Amino acid sequence: MSYQFLQFDVADRIATITVNRPDKLNALNDATIAELGAAIDEAVRRDDVAGVLLTGAGRAFIAGADISELESQSPLDGQRRARVGQAIFRRFETSPKPTMAVINGFALGGGCELAMACHVRLASEKAKLGQPEVKLGIVPGYGGTQRLPRLVGRGAALKLLLTGDMIDAAEAHRLGLVDQVVAPEALMDTARAVMGSMVANAPLALAGCIEAVNRGQDTDLVQGCTIESDFFGLLSATADMREGMRAFLEKRAPNFTGA
Ligand code: COA
């Protein structure tokens, strides 16, 4: 598929989706959001893709929703826009293949929200993150008020949401908003290496971990552990479980097929 505002590349079973509006710091207009939905669907559908990196062209990851489109929205437009974006961001979160935000620069507003919807976040030392919506007279619309407290806790989330301040990568790492910080020049190679170590594992086991974490976070510990034990049992039916354990016992690398 071809895209107007994204680049979609596949190498070594890893798809890299690059938001490509560098002159607007990759601000998310409605068309780009729609393309992000098509791109994550393409990555999930394709047999030659096992994991997804999401990054931005130029000096920004994504500097938020496109303010020029928000400026004239009616209340119903705003509600619709938020719901459409939330549903698309959710597809990055529920993808059965690992998704990683590779935060090369500004990740503000919708950019920070999309990064939070990915399974893992890797940031350049130069990255800046924040939810500046209150400075524009709005609240986050793409899940920021919900995912930020889940990632960093209520107090730290409200501090970021209510000040609208930007924080640097080191502070984001201290808070747990990003999982790893690396030098800018090492960012993409590190992202490929970390994703490579994920996609070397059994695909159905990866999908099971993702679904157990997603469903478990929306319930209590006992229900969550039941979800986990169901997956633990279910995966015993897979050829990849037998292959993984046999390879360990035979002291060789496993050859997983996703079956
Ligand atoms: N929506 C629309 N356009 C945006 C944008 C956004 N969220 N963020 C940046 N841009 C555009 C700027 O308008 C500018 O376009 P122009 O060259 O046609 O004037 C271009 O991207 C470069 O941005 P600029 O502000 O000149 O860069 P800077 O280095 O001075 O500042 C930021 C960088 C990220 C601090 C600043 O662009 C900013 O605050 N952006 C908005 C962040 C935000 O509030 N996001 C949440 C939206 S809900």
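Everything numeric here is computed off the predicted structure, so don't read it as measured data. The first residue of the sequence shown is numbered 1, and numbering continues consecutively from there. Whatever order the structure lists ligands and atoms in, that order sets their numbers, starting from 1.
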Salt bridge present between [X] and [Y] (N-O < 4.0 angstrom):
X      : Y      : answer
Arg252 : Glu243 : yes
Asp30  : Arg81  : yes
Arg21  : Asp66  : yes
Arg45  : Glu42  : no

Considering only heavy atoms, does [X] approach ligand 1 within less than 4.0 Å through its side chain, its backbone, both, or neither?
X      : value
Arg59  : side chain
Asp23  : backbone
Leu108 : side chain

Around [atom], find the nearest protein heavy atom and jot down its residue, atom name and distance.
atom                    : value
atom 48 (S) of ligand 1 : Leu136 CD1, 3.8 Å
atom 23 (O) of ligand 1 : Leu25 CD1, 3.6 Å
atom 1 (N) of ligand 1  : Ile67 N, 2.9 Å

Quiz item: Same cluster for Phe61 and Leu187 if Ile/Leu/Val/Met/Phe/Trp/Tyr side chains link at under 4.5 Å?
Solution: no
Practice problem: May I ask whether Leu28 places a heavy atom under 4.0 Å from ligand 1? | Solution: no
Self-check item: ligand 1 contact by Lys135, heavy-atom criterion under 4.0 angstrom
Solution: no
Self-check item: Proximal candidate to atom 15 (O) of ligand 1 [heavy atom criterion; set Arg21, Glu69, Lys24]
Solution: Lys24
Is there a polar contact, in the sense of an N or O pair closer than 3.5 Å, between [X] and ligand 1?
X      : result
Ala65  : yes
Ile138 : no
Ser68  : no

Distance flag for [atom], protein heavy atom under 4.0 Å:
atom                    : result
atom 19 (O) of ligand 1 : no
atom 26 (O) of ligand 1 : no
atom 38 (C) of ligand 1 : no
atom 34 (C) of ligand 1 : yes
atom 31 (O) of ligand 1 : no
atom 7 (N) of ligand 1  : yes

Practice problem: Indicate the ring-plane relationship of Phe89 and Tyr142, choosing parallel, tilted or perpendicular according to the 30° and 60° boundaries. | Solution: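 Rings of Phe89 and Tyr142: tilted, 30 to 60°.
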Self-check item: Under 3.5 Å donor-acceptor, His119 side chain and Thr99 backbone
Solution: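 At least one qualifying donor-acceptor pair exists.
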Self-check item: Any donor-acceptor N or O pair under 3.5 Å, side chains Asn104, Thr55
Solution: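 The answer is yes; a qualifying pair exists.
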Quiz item: Which of the numbered atoms in ligand 1 are below 4.0 angstrom from a heavy atom of Pro132?
Solution: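 Those atoms are 43 (C), 44 (O), 45 (N), 46 (C).
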